[in-house]
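A note on names: the letters A, B, ... follow the listed sequences, proteins ahead of strands, and every chain is numbered from 1.
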Amino acid sequence: MRGKAVFYPIGWDDNGLPTERRVQSYFGVRCDPSLPYDPAFNPPDTGRERHSGAQVPISRRNFVELCQRLTETDEQAFETIWRRLGLSVDWSTKYRTIGEDARVISQRAFLRNLARGEAYQAEGPTLWDVTFQTAVAQADLEDREVRGVWHRIAFTRPGGSPVIVATTRPELLPACVALVVHPDDERYAALVGSTVSTPAFGVEVPVLAHRLAEPGKGTGIAMVCTFGDTTDITWWRDLRLPARPVIGPDGRLRPGPLPWITSPEGQAAYQRLAGLTVTAARRAAADVLRDHGLLAGEPEPVTHPVRFYEKGDRPLEIITTRQWFLRSGGRDDQLRAVMAERGRELDWHPGFMRVRYEDWVAGLTGDWLVSRQRFFGVPIPVWYRLDGEGRPDHGGPILPDDAALPVDPAAEPPPGYQESQRGRPGGFAADPDVMDTWATSSLTPQIAGRWTLDDDLFGRVFPMDLRPQAHEIIRTWLFYTVLRAHAEHHGLPWRHAAISGWILDPDRTKMSKSSGNVVTPAAVLEEFGSDAVRYWAASSRLGSDVTFDTGQIRIGRRLAIKIMNATRFVLAVSAASASGSPTLSPTGPLDQAMLGRLAAVAEECTASFMAYDHARALERTEAFFWTFCDDYLELVKARAYGERGEDAAVSAAGALRQALSVLLRLFAPVLPFVCEEAWSWWQEGSVHLAPWPGPEPLRELAAGADPRMLDVAAAAIGAVRKAKTEARMSMRARVEALVVSGPPDHLALLDPVRDDLAAAGHLARVELRPAPAPGYDVLL
RNA sequence: GGGCGGUUAGCUCAGGGGGAGAGCGCUUCCCUGACACGGAAGAGGUCGCAGGUUCAAAUCCUGCACCGCCCACCA
């Protein structure tokens, strides 16, 4: 409408765990990468939700095929909804993050990150979800308040006296590698440098000093385990402690015996924990300690925050694994500063959302862990050479030819190898992981713009103007996208970010699948219509949450119907004039005043849209529209019907048609369907391709008329209505007179509309009386 | 613990130094010629609390309370 060509792509983020989980429950399967591909496989129970208990193990390739199949049908359903809602995206630019182009671009970007040293592999302690058995990134975490229990347990000094340590995780006692105290904590100064013995397991560990130990927490002595939390990782690194991992990838304590537990009593104690889940082992460890009389006092319940994978339901553990990382600034102050600067370069709507980005960048604790030990995603495009004993050489991964992308290392051999050499000594092995789904969706500007695939398109659309998204994914989608564009293009991926809030349910809690309070759109669209739903959604401002409210949706529906009826009236009442004189020129003062007021509305509406304030644009247009219907239409109705001659009718008809044309275009972005329908009754082409109404043509038509004339005329007719309502009369009832008093300039504005007033109010006469203050008297 | 938003009519919200606003809901009235899937009128508020600045504060400043969120804390 503003005369520009808009590139407005749409994409489906189909990778990742949500899809895998849905496939598991929908088809009743689970992925077992050790199984061979079965080309004849049919899912056991297509189309029926199943319980997770009866899952059939299938190969990775079969599993991925089911993911493909289900996302395709799900995405078709989503597309139907979005189209029905009137989303104005260009459906010919649709992409899928699992689609071929997205895989090519995702792998190519990763390989370029690798070549520049921005991607690297490292082995170390990483946050690990024991249910999904994958590493997760800092951005995927959330804290939840969980009930725990303080155990006060007695370590033993060389002389035999106890040192009490408070912990909520006694099951990690066999993983204890040290105790730490604060260097200034005089209570324990004498202990630092000595060795104590772990209770029940009898392992000698040093007592060390570290500034992160907090004298006020627990007993002031912390047990360092490999690994209970991220502080343990810091202590382990800073104090160069050994690793004694006890928790396996499945969340169970490793089978014994553990080599660092040397005493038979210690080994016996560990056998009571081995193989148990963390929760069960915690109780068992408490029992062991109690049996040995090593618990000081009774366990004490506490509620404390614990880290979870946001999609998981068991606490995260920290497990030492080999993973891929992308440099994000978390370990590099210079890059961190650059990323912070990128956030300042971006125009945020609303501006205060920038703070979330800045907080996140400032709080990064490490690089972005991008490898996931999952199945449905873009594979990490590397292989490893196997040495003579079949051990992979992670130091020099084999890379694919760029022209061969996308590759699936699990299904294709690397350049220079035969498939038969897979897994053989001297042969190769695939990197088994896929990338974090954000590693692909962080490239959506590149994917949509077909980076490296269509240079002409990419050159024209990148960097883009706008990223619209919600606030909870600033730290993921937005940050990662800025990061990838910075690495690859040394600039921002877009100039503006429009950050929306959430839809809250009527109890003001966030709608989410997990809490089951989601209102699915199909029934709402069916009941109220797309325009009504859009009206409600458009009424919310960027950055503010919006409560789901059928009341607001009903108002939108009423507005849409009103637009149709008003259009019908305007076209009917002006038809005769329009056929008589093709160019309808508003010459009446009230008609020009109305258009002058509308000019101001069009100007403010445009300015609001340009400032990303669509809610204000809608509100101003709507407010004017109701005045237009309630007051202006009523005032000019008789004149438009031709009751006072052709010239008067032509002026009214011209103003009505001009105003209608402008109003339909101002409403069109929010109420596309009703506006298109009403437009089609009298105009060629689509309203959505009609020129956006600027104020200037309206100002010319208004010819300098005073817009206040509309206000005083509306006030006068309002006074008549009020009098009739109070007298319990019909609005149609004939009355004697309206006497308007007021200062001369007020009366001067009313004088030209006396005839319109008399007709609309069914008044025998309208009198104007000079007076210091405005007033209205109605003679019934 | 740090930060960001918010607190205005019963509800949902706009406004942001000088008249307390809108819609819904409520009450009453009206089948009027575009619309009864409608229309008209009315009632309804110590603008969270306490200070301060100012001739003037819902609005600016300070503090506090409460709500929501983001981040941190996890021995």
Sugar-phosphate only, base, or nothing, as touched by Thr230(A) at under 4.0 Å among non-hydrogen atoms: nothing
Within the 6.0 Å centroid threshold, strictly below: Trp348(A) and Tyr357(A): yes
Touch class at under 4.0 angstrom, heavy-atom based, for Cys225(A) against every strand present: nothing
Options C24(B), G33(B), C37(B), nucleotide nearest the side-chain atoms of Glu643(A): G33(B)
Atom pair distance, as rounded to whole Å: CG in Leu504(A) and P in G5(B): 19 Å
Touch class at under 4.0 angstrom, heavy-atom based, for Lys562(A) against every strand present: base
Validation row, ring centre Tyr309(A) to ring centre Trp128(A) under 6.0 Å: no
Euclidean distance for P, C30(B) against C13(B) (whole angstrom): 35 Å
Sugar-phosphate only, base, or nothing, as touched by Glu145(A) at under 4.0 Å among non-hydrogen atoms: nothing
Salt-bridge contact Arg616(A)-Glu619(A) (side-chain N to carboxylate O under 4.0 Å): no
Separation of atom CG in Asp545(A) from atom C1' in G6(B), rounded to whole Å: 11 Å
Gap between atom NE2 of His304(A) and atom CH2 of Trp150(A) - 0.5 Å precision: 8.5 Å
Pairing of Arg721(A) and Asp631(A) as salt bridge, 4.0 angstrom limit: yes
Lys637(A) side chain to Ala760(A) backbone, donor-acceptor under 3.5 Å: no
Arg732(A), nearest nucleotide to its side chain (from G39(B), A14(B), G33(B)): G33(B)
Touch class at under 4.0 angstrom, heavy-atom based, for Leu633(A) against every strand present: base
Rounded interatomic separation in angstrom, taking CD from Glu726(A) and P from A41(B): 11 Å
Which nucleotide in G39(B), C70(B), A41(B) has an atom nearest any side-chain atom of Arg721(A): A41(B)
Under-4.0 Å side-chain N/O to phosphate OP1/OP2 contact, Gln552(A) with A22(B): no
Sugar-phosphate only, base, or nothing, as touched by Glu634(A) at under 4.0 Å among non-hydrogen atoms: base
Proximity to the side chain of Glu619(A) - top-ranked nucleotide from U28(B), A14(B), G3(B): A14(B)
Euclidean distance, atom CG of residue Leu618(A) to atom P of C13(B) [Å, nearest integer]: 16 Å
Residue closer to the 5' end of RNA chain B, Asp549(A) versus Gly718(A) (nearest nucleotide): Asp549(A)
Distance test, side-chain N/O of Thr547(A) to OP1/OP2 of C13(B), below 4.0 Å: yes
Minimum-distance nucleotide to Thr725(A) side chain [options: A40(B), G39(B), C13(B)]: A40(B)
Sugar-phosphate only, base, or nothing, as touched by Arg616(A) at under 4.0 Å among non-hydrogen atoms: sugar-phosphate
Short side-chain N/O contact from Arg728(A) to OP1 or OP2 of C29(B), under 4.0 Å: yes
Interatomic distance where CG belongs to Leu571(A) and P belongs to G33(B) [whole Å]: 19 Å
